[in-house]
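Structure, as structure tokens:
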2 protein chains.
Amino acid sequence: MDFEPLGVAADLVILTVRDGSLQVLLIRRGIAPYRGRWALPGGFVRPKEDLEEAARRELQEETGLLSDRIHLEQVATYGEPGRDPRGRVISVTYLALVPDLPSPVAGTDAASAEWVTVDEVLTDQNRLAFDHHRILTDAVERARAKLEYSPLAAAFCPDEFTISELRGIYEAVWGVQLDPRNFHRKATKTDGFVIPLGATTTRDGGRPAQLFRRGPAATLHPPLTRG
Amino acid sequence: MDFEPLGVAADLVILTVRDGSLQVLLIRRGIAPYRGRWALPGGFVRPKEDLEEAARRELQEETGLLSDRIHLEQVATYGEPGRDPRGRVISVTYLALVPDLPSPVAGTDAASAEWVTVDEVLTDQNRLAFDHHRILTDAVERARAKLEYSPLAAAFCPDEFTISELRGIYEAVWGVQLDPRNFHRKATKTDGFVIPLGATTTRDGGRPAQLFRRGPAATLHPPLTRG
DNA sequence: TCAAAAGTGTTTGCCCTACACCCATGG
DNA sequence: CCATGGGTGTAGGGCAAACACTTTTGA
């Protein structure tokens, strides 16, 4: 079979919550096109490499995260002719949700990678290279929607976390304030969402808080609501 | 830029509701590989053609539907090496929801195309060529989920429809029975879901039913529930 | 007059919000 | 003992499931 010349890239929207705000990992492009502009990390899919495999490889190169335990999901594919001035490139985009990393960016391109607040990036239509503004918009909306009916917020947390840390994720991603008391009830009563570890911590001040880990639930019944 | 030899296809999961069941449009493959097996319609994206544009072109070729008014949405992209024995092929899959068509299949390949009940296709893992069983599974799950919080069920209906016809869509897609009286209230009270036309019809027997058309709502508040 | 489907009213129970209140720690 | 955050109890409103009931047609 003959094919037109065409490349397939796996691009990543890597989100985390730091300092109470939703942030995305961006890299500064060192070469043309869009040299010096910020862009989503990503790269071409290799021959014989699966799409998700490529995404996991890029994720590890950028964050150093061995990604078996990292939540990674395909969001959408962008293929408009002309979206890349170098030629026809199809971008398969993946969304990764990671905990606040101890070493911000441990990957090979560390020097040129940076966490940036999502709101700040999205207010400027021209901050990002290619059609990455739109890709980021779509991915963030997906993440916001998924928090409602999936236990995904826990993917932003370290292995052990408190209920108020979990609540902080929701507040940062949705940009709302939630009632701590009602949230506590919902999170702990929803079957399989979080599992108590018995231990407590006082790292947040005040009365010691119970520690939890992620539960086995795949969906939340009933869902959490965004307002 | 050099690229490995690789093709990008737009494949379609075209769903409709006929005779009270959810059905998918399949074509019988006339050539190898998988000659004689059933498969989802689709084809390669042309140079300079957008992905969605390719999907709309395929949709029209298969169903004759001029597709401006047809709901079409991207579901996922499949790119596992080896999924197509002919070489590396990335499949960008679109979901189309169409009303029960007067002329079942009016396209060029009409002779070999057929509506098949989704349940029947999915019970046999080997009914479909390539990885189309999985693609269909994913697309149907997407459709089921979307009915809850989007007004998409109306996409299965003709321009004018009754509330019980709309309810029939939900019952067919979800495979459940819904209370006609409560459903009527929900559908008519949900802002922007359906718009009354003033006219009535007796095509379903019994007391005349009001006719409605699709409303402008993009999402349903509150969502309809699946059981 | 009966069957069939459309549509409305009403009850009941549940969930969710709002907020009062108590608990357990550090300083 | 006070400030801080963790966690429980509870009243009240609103929504939705369940179902009795009325309406409007065709046969």
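Each chain gets a letter, A, B and so on, in the order the sequences are listed, and its residues count up from 1. No hydrogens, no waters, no symmetry mates; every other heavy atom, side chains included, goes into these values.
In this view, B:W174 and B:Y170 satisfy the ring pair (Phe, Tyr, Trp, His ring centres under 6.0 Å) rule, not counting sequence neighbours.
Toward the 5′ end of DNA chain D lies the nearest nucleotide of A:G205, the other residue of the pair A:G205 and A:T188 mapping further downstream.
Residue A:T200 is out of contact with every strand shown, counting any heavy-atom pair closer than 4.0 Å. The residue A:P180 sits apart from the nucleic acid: no heavy atom pair falls under 4.0 Å. Using a 4.0 Å heavy-atom distance criterion, A:D204 is classed as a sugar-phosphate-only contact.
Enclosure of atom CZ in A:R144 by more than 12 non-hydrogen atoms of other residues, nucleotides or ligands within 6.0 angstrom is indicated.
For residues 149-160 of chain B, proximity to DNA chain D is found at no residue, defined as any non-hydrogen atom under 4.0 angstrom from a strand atom.
Of the candidates D:dA18, D:dA16, D:dG6, the closest approach to any side-chain atom of A:R207 belongs to D:dG6. The nucleotide whose nearest atom lies closest to any side-chain atom of A:H184 is, among D:dA17, D:dG7, D:dG6, D:dG7.
In terms of polar N and O atoms assigned as donor or acceptor, the side chain of A:R185 comes within less than 3.5 Å of the base of D:dG9 in a complementary pairing.
Using a 4.0 Å cut-off between a side-chain N of Lys or Arg and a carboxylate O of Asp or Glu, A:R69 and A:D159 qualify as a salt bridge.
Put simply, chain B comes within 4.0 Å of DNA chain C, heavy atom to any atom, from C:dA4 to C:dT10, going 5' to 3'.
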